[in-house]
Amino acid sequence: MTWKVQAHWPKASSSFSESLAIIADELKANTDGQFELQLFGAGEFAKGGEIFNIVRRGVVEMGTISPGYILGEAPSAGLAYGIPGTFREAWEFSYFLKNMGMEELFNEELAKHGVVSRAEKVYPTEIVISKPVNSIDDFAKLKLRSTGAFQKFLEAAGASTQSIAGPELYSSLASGVVDGAHWGAAQGAKSMSLWEVAKYHMKPTLGLAMDTIIINQGAIDALEPDLKKELFHLLDLRFWKRTAEYLYKEKITLADGQANMGVEVMEFPVEVQEKFKAATSTIIDEERAKGGNGAKGADMMVAYLKELGYL
């Protein structure tokens, strides 16, 4: 059996080769070749938000997306993607998704579309910019590529934003269509060659986000029980491994960028960080106002953040 898998990652992205390709290799090995994944890089069948639709319709059995691409399809998608300025450690967001039930709330809404989600990893989101930012006025002049709640977060501090698909990021930065972008953090910037045209790597981390693997429910129902069990066991185990691996590689990748690629780490000006802080509570309130599982998830997040001492 062979499933088609449409990634939102270009084949150059680290997550394509170091996550999706590994899942495919392990699934084939663990099922003695009975279950294979045919992988497609961003844009081969579809890109960005289009991937959800081709998985929903069964054009491909499986795909990867950012939940930020489907904010209009599921009220809880924004919370599943990640709210900037909330969690500070990857384990905090992982616990929220897997132990507290945020992933379940997200899946309740996706079930209406015949789609199932499994988190692929939790990762930091850090933006790279092509020009130095020394003041809030500098920041307000920027045009930045972003998605989901991170767009609102950046806009709250004065920047203008737009959504651009992964394969177009490099050319958009190189041509000046945008001044900055985030594609994960250090690994994303390196693998997508963004540091070639945007040398300023901004700290602190904007927040933690989640990529997800989505699967057509009909395709799941058609699987033999042992193959279905192996698939979900592998995906759930891979989430924890990939999250830890990703954080480790962030450290060494950024150090390499600074030492060998001319990357300069800069701090957002204090005034910009204050704008970010104010935006976080506004964004959570907006997620709550969506109702349904969006409201449930927002209340759960606020209670959790209070327990952690962040609110």
| request: Hey, could you give me the CD1/CZ distance between I284 and R288, rounded to the nearest 0.5 Å? | output: 7.5 Å
| remark: ring-ring contact (aromatic ring centres under 6.0 Å, His included) test vs F93 passes for just one of Y123, Y81, F87, F239, namely F87
| field | Within 6.0 Å of CD in E104, more than 12 heavy atoms from elsewhere | value | no
| query | Between F276 and F268, is the gap from one ring center to the other below 6.0 Å? | reply | yes
| field | Pair K229 + D226: basic N to acidic O under 4.0 Å | value | no
| request: Among residues two or more places apart or on two chains, list those pairs meeting salt bridge (charged side-chain N to carboxylate O under 4.0 Å, His left out) that have a residue in residues 232-243. | output: E18-R242, K98-D236, R118-D236, E120-R242, R238-E245, R242-E245
| query | Checking side-chain contact (heavy atoms from CB on, under 4.5 Å) for the pair K203/L254: CA distance, chi angles, key distance, verdict? | reply | CA-CA 12 Å; K203 294 280 190 176; L254 185 54; 3.8 Å; yes
| field | Side-chain (S171) to main-chain (E168) donor-acceptor, under 3.5 angstrom | value | yes
| field | All side-chain contact (heavy atoms from CB on, under 4.5 Å) counterparts of D32, not counting sequence neighbours | value | none
| CG/L154 to CZ/F139 distance, rounded to the nearest 0.5 angstrom? | 5.0 Å
| Counting distance only, does the side-chain N/O of S117 pair as donor-acceptor with the main-chain N or O of N107 below 3.5 Å? | no
| task | Is it possible for you to say whether W183 and L144 belong to one hydrophobic cluster, with membership spreading through side-chain heavy-atom contacts below 4.5 Å? | result | no
| said: Under 4.5 Å side-chain heavy-atom separation, chaining through any Ile, Leu, Val, Met, Phe, Trp or Tyr, what else clusters with I252? Say none if it is isolated. | reply: Y248
| note | Between the OH atom in Y69 and the OG1 atom in T147, the distance rounded to the nearest 0.5 Å is 6.0 Å
| query | Do any pairs count as a ring-ring contact (aromatic ring centres under 6.0 Å, His included) and have a residue in residues 284-303, sequence neighbours left out, and if so which ones? | reply | none
| Quick check: does any side chain N or O of D179 sit under 3.5 Å from a backbone N or O of L142, one acting as donor and the other as acceptor? | no
| task | Only counting residues at least two apart or in another chain, list the ones meeting side-chain hydrogen bond (donor to acceptor under 3.5 Å, both in side chains) with Y246. | result | none
| query | Would you call E274-K277 a salt bridge at under 4.0 Å N-O? | reply | yes
| note | ring-ring contact (aromatic ring centres under 6.0 Å, His included) pairs touching residues 199-234, sequence neighbours excluded, are W195-H201
| message | Has E61 got a side-chain atom pairing as donor or acceptor with A219's backbone, closer than 3.5 angstrom? | response | no
| query | Okay, side chain of Q258, backbone of V263: is any donor-acceptor separation there less than 3.5 Å? | reply | no
